[in-house]
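Structure first, then comments.
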Amino acid sequence: MNYSRQRELILHIVKGTDVHPTAEWVYQEAKKVIPTIGIATVYRNLNALAEMGECQKIAMADGTDRFDGTTDRHFHMKCRCCGRLIDLNPTSVEALERLETMAREIFGKEEESAGLPTILLEGFCEECKEKMKDEEKWRN
């Protein structure tokens, strides 16, 4: 794929944040640098970058896609309270490989180029856990 200023900017935005942005979020950030950039350009380039392995595309249950500039093997957790996506790094490669094996067995073996099913865990982030503890203290 050819070099473009827009693609370079979009990749820089995705790799420069840990919020796992939507295409709309990336678009708003890109407009600050290139005011004439179009939303279609952002979508097209995000999908191309994901296909090239430059970023990860995370399909969410609500139909939106989120993007992650970290391309090494890791999981994501979605906070049930605030909705944030958080990178979870397994304590061992073996644990990750066991989960991936289970996913292949459950969902069927994918083509190598298609990758594995996304493993997205749900729970509560540290900030929301603290807020819940504080609210519980006030109730008692």
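Residues Thr36 and Ile34 are in side-chain contact: their nearest non-hydrogen atoms beyond the backbone lie under 4.5 Å apart. Taking the side chain as every heavy atom from C-beta outward, Tyr27 and Glu24 approach each other to under 4.5 Å. The side-chain heavy atoms of Cys82 and Cys125, taken from C-beta on, include a pair separated by under 4.5 Å. Taking 4.5 Å as the limit, some side-chain heavy atom of Ile10 sits within range of a side-chain heavy atom of Leu49. Looking at heavy atoms from C-beta onward, His20 lies in side-chain contact with Asp87 at the 4.5 angstrom threshold. Proximity of Met60 to Arg66: side-chain heavy atoms (C-beta onward) are separated by under 4.5 Å at one or more points. At a threshold of 4.5 Å between non-hydrogen side-chain atoms, the residues Lys57 and Asp68 do not count as touching.
Heavy-atom minimum distance, Ile13 versus Val26: CD1-O, 4.0 Å. Residues Gly53 and Thr71 approach most closely at O-CG2, 3.4 Å, considering heavy atoms.
Going from atom OH of Tyr43 over to atom OG1 of Thr22 covers 7.0 Å, rounded to the nearest 0.5 Å. The OG atom of Ser4 sits 9.5 Å away from the CG atom of Leu9 when rounded to the nearest 0.5 Å. Note that SG of Cys79 is 10.0 Å distant from CD of Glu126, once rounded to the nearest 0.5 Å. Rounding to the nearest 0.5 angstrom, the gap separating the CG atom in Asp65 from the CG atom in Leu46 is 9.0 Å. How far CZ of Arg44 is from CD of Gln6: 9.0 Å, rounded to the nearest 0.5 Å. The CE atom of Met132 sits 8.0 Å away from the NZ atom of Lys129 when rounded to the nearest 0.5 Å.
Under the 3.5 Å distance criterion, the side-chain polar atoms of Gln56 are matched with a main-chain donor or acceptor of Thr70. In this structure, Lys15 contributes its side chain and Cys55 its backbone to no donor-acceptor pair below 3.5 Å. With Arg80 contributing its side chain and Phe124 its backbone, the two residues share no donor-acceptor pair below 3.5 Å. A donor-acceptor contact shorter than 3.5 Å links the side chain of Thr17 to the backbone of Val19. Of the possible donor and acceptor atoms, none in the side chain of His76 sits under 3.5 Å from a partner among the backbone N and O of Ile86.
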Begin from the C-alpha positions of Leu121 and Lys78 and carry the test side chain to side chain contact (heavy atoms under 4.5 Å, CB included) through to its verdict.
CA-CA 6 Å; Leu121 306 171; Lys78 180 183 175 197; over 6 Å; no
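Thr101 and Arg98 form no side-chain donor-acceptor contact under 3.5 Å, judged by distance and modelled atom types alone.
Look at Lys32 and Glu29 and you find a salt bridge, because one of the NZ, NE, NH1 or NH2 atoms lies within 4.0 Å of a carboxylate O, short of that distance. Ion pairing of Arg84 with Glu127 is present here, as a side-chain N (NZ or NE/NH1/NH2) and a carboxylate O approach within less than 4.0 Å.
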